[in-house]
Protein chains: 2
Amino acid sequence: MPSDHTKPGVGRSTGRPATIDPDAVAGVALRLFAENGYERTSMEDIARAAGIGRKSLYRYFPSKADLVWGGIEPVVEASGQVLENARTAGPTDGDTSDGGILAGLRAAAIAGASAIPDLSVTRGRLRLIAEHPELASRSYDALAPQRERARHYLLAQGVTESAAGYLCAAYLGATFEAWMQWAAGTDADPVPYLVEALGVLRVPTVRPGR
Amino acid sequence: MPSDHTKPGVGRSTGRPATIDPDAVAGVALRLFAENGYERTSMEDIARAAGIGRKSLYRYFPSKADLVWGGIEPVVEASGQVLENARTAGPTDGDTSDGGILAGLRAAAIAGASAIPDLSVTRGRLRLIAEHPELASRSYDALAPQRERARHYLLAQGVTESAAGYLCAAYLGATFEAWMQWAAGTDADPVPYLVEALGVLRVPTVRPGR
DNA sequence: CGCCTTATGACACTCCGTGTCATTATGTAA
DNA sequence: TTACATAATGACACGGAGTGTCATAAGGCG
């Protein structure tokens, strides 16, 4: 019964190796979206253009939105790792009034930006997201793991439970908006946008470090 | 050609008067959602239970999510009005360092909370939203008008264009999280949650009032 | 009485997402 | 070589969201 419909290509040493390249498939999908529009491109169109079956497509991308949002995962992952490391390292006790908490969030955001393999492709994805409310809405789900990690980081830094929730929400909202602003323009470096966005945050009521 | 599929019941003095009460329909829908679950309740079920046709249901609620989010509109409306008034009144030039901008945002949020007709029903709606990512995602669209009004308010107060965007995103994210926190608990008054949530915001670089 | 609008009912359609089932392909381990 | 495990295909079906059309009935108003 543990048939385990796990994602393909994850540490399996037995069985037939995967032949489908998810990145290539997503690339085909993005091209079709750009050519024919997002809504006017069906999952079947994408499967056909990628030369794979519809079911196989759904196996790698459970929803149409994942074809666009999937490429953002590396950013979330890299950013989350930085927060994870900072969290286990314990309170920072920096010299600034907030104990270097904002600096930690900033470092995480910048790490995310550094993890992007291809800036122009990512810009394309983000523009697609910006143009389609249906896709932009997904930011709430797509960034959920990020929210959770940021929350744990803040808690470890001595921020109140409630304040951590609010700060996370504001953090994600502001950084997402920064990415949208960057995508709308032509600047190469997204970091200045992120840094400015974090300027609207404030860390309240920090409990003294243990 | 201006057949204009306008929403029913808007200043029409001629023609057959509307007999369907949207609030009652939404009430039926919320009851069904609570009894059978959101996903396990189809639009046809709702139409049948409400004693109306499926097409009529779609006329008042273009999407299933609107049955839940529709009731939040009064909040957004009241909150937006406060921002609108504050905007046309021009820069506040308050005594605080941010020129009373945060106070304006706080007033708007509180005004929204005061505009709720039935707290318990609203709590039910918000809990439904919190439990279903598909619904929570919609916050980005549902609060879009609010975002726009807050942006204009901030611009009128001398905030940089880019900073206004980031502050709006953080503002909406934090207040939405505040509503979620309130809905999860049993406290009667949502205002303290909103006030604390706004504590994570900071207004950067205010251009001196004209 | 005619006009205008609301509302219904029926029918059809596209597309998303899920499910099943049988079958073939292709690697690794016994 | 054989057995096993997994990847991938193809076909077929299904529920449900959301859109569209069309004809028809109901109920105020000038």
Side-chain angles (χ1 to χ4, degrees), chain A residues 1-22 24-25 28-29 32-33 36-70 132-135 137-138 141, chain B residues 1-22 24-25 28-29 32-33 36-70 132-135 137-138 141:
Chain A
M1 47 296 267
S3 155
D4 219 21
H5 235 6
T6 51
K7 268 177 195 149
V10 181
R12 292 275 167 282
S13 66
T14 177
R16 171 180 176 175
T19 62
I20 293 180
D21 177 11
V25 174
V28 169
L32 290 183
F33 290 157
N36 310 349
Y38 179 74
E39 6 254 358
R40 281 186 304 282
T41 305
S42 75
M43 290 296 266
E44 197 154 1
D45 293 339
I46 298 166
R48 249 201 317 271
I52 65 176
R54 197 169 74 104
K55 303 254 30 170
S56 304
L57 175 58
Y58 269 108
R59 195 210 287 250
Y60 284 91
F61 301 94
S63 83
K64 198 175 172 184
D66 287 322
L67 283 161
V68 182
W69 272 102
H132 297 272
E134 168 194 353
L135 284 174
S137 290
R138 289 260 176 161
D141 311 82
Chain B
M1 47 297 264
S3 156
D4 219 23
H5 234 5
T6 51
K7 268 176 196 150
V10 182
R12 292 273 170 281
S13 67
T14 176
R16 171 180 177 175
T19 63
I20 292 181
D21 176 12
V25 174
V28 169
L32 290 182
F33 291 156
N36 311 351
Y38 179 74
E39 5 255 357
R40 281 186 305 280
T41 304
S42 74
M43 289 296 266
E44 197 155 359
D45 294 338
I46 297 166
R48 249 201 317 270
I52 66 176
R54 198 169 73 103
K55 304 259 18 176
S56 304
L57 175 58
Y58 270 108
R59 196 212 283 255
Y60 284 91
F61 301 94
S63 83
K64 199 176 170 183
D66 287 322
L67 283 161
V68 182
W69 272 103
H132 297 272
E134 167 195 355
L135 285 174
S137 289
R138 289 260 176 161
D141 313 81

Could you tell me the separation between the [atom1] atom of [X] and the [atom2] atom of [N], rounded to a whole number of Å?
X       : N      : atom1 : atom2 : result
B:Leu67 : D:dA17 : CG    : P     : 10 Å
B:Ile20 : C:dA7  : CD1   : P     : 4 Å
A:Met43 : C:dT18 : CE    : P     : 9 Å
A:Asp21 : D:dA7  : CG    : C1'   : 15 Å
B:Glu39 : D:dG16 : CD    : P     : 12 Å
B:Asp66 : D:dA17 : CG    : P     : 13 Å

Query raised in the report: So how far is it from B:Leu57 CG to B:Arg48 CZ, rounded to the nearest 0.5 Å?
Result: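 If we round to the nearest 0.5 Å, B:Leu57:CG and B:Arg48:CZ are 12.0 Å apart.
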I'd like to check the side-chain contact (heavy atoms from CB on, under 4.5 Å) partners of [X]; sequence neighbours left out, ordered by chain and number.
X       : result
A:Thr19 : A:Arg16
A:Tyr58 : A:Met43, A:Arg54
A:Ala49 : A:Val28, A:Leu32

If only side-chain N and O atoms of [X] are considered, is one of them under 4.0 Å from the OP1 or OP2 phosphate oxygen of [N]?
X       : N      : answer
B:Tyr60 : C:dA7  : yes
B:Thr19 : C:dA7  : yes
B:Ser42 : D:dG16 : no

Query raised in the report: Which comes earlier along DNA chain D counting from the 5' end, the contact point of B:Arg40 or that of A:Leu57, where each point is its nearest nucleotide?
Result: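 Of the two residues, A:Leu57 wins.
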Hey, what are the protein-to-nucleotides 19-22 of chain D N/O distances that come in under 3.5 Å?
unit_1 : atom_1 : unit_2  : atom_2 : d
D:dT19 : O4     : B:Arg54 : NH2    : 3.1
D:dG20 : N7     : B:Lys55 : NZ     : 2.8

Query - Where A:Pro22 and A:Tyr60 come nearest, the two heavy atoms and their spacing - result: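 Scanning both residues, the minimum pair turns out to be CG-CD2, 3.6 Å.
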Query raised in the report: Hey, can you pull the residues of residues 44-53 of chain A with a non-hydrogen atom under 4.0 angstrom from DNA chain D?
Result: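 Residues of residues 44-53 of chain A that come under 4.0 Å of DNA chain D are, in numerical order, A:Gly51, A:Ile52, A:Gly53.
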Query - Closest nucleotide among D:dA7, C:dT6, D:dG18 to the B:Arg59 side chain - result: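 Of the candidates, C:dT6 comes closest.
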Query raised in the report: Does B:Tyr38 have any ring pair (Phe, Tyr, Trp, His ring centres under 6.0 Å) partners at least two apart in sequence or in another chain, and if so, which?
Result: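 So B:Tyr38 forms a ring pair (Phe, Tyr, Trp, His ring centres under 6.0 Å) with B:Phe33, B:His132.
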Can you sort out the partners of [X] under side-chain hydrogen bond (donor to acceptor under 3.5 Å, both in side chains), two or more places apart, ordered by chain and number?
X        : result
A:Ser42  : A:Asp45
A:Glu44  : none
A:Ser137 : B:Asp141

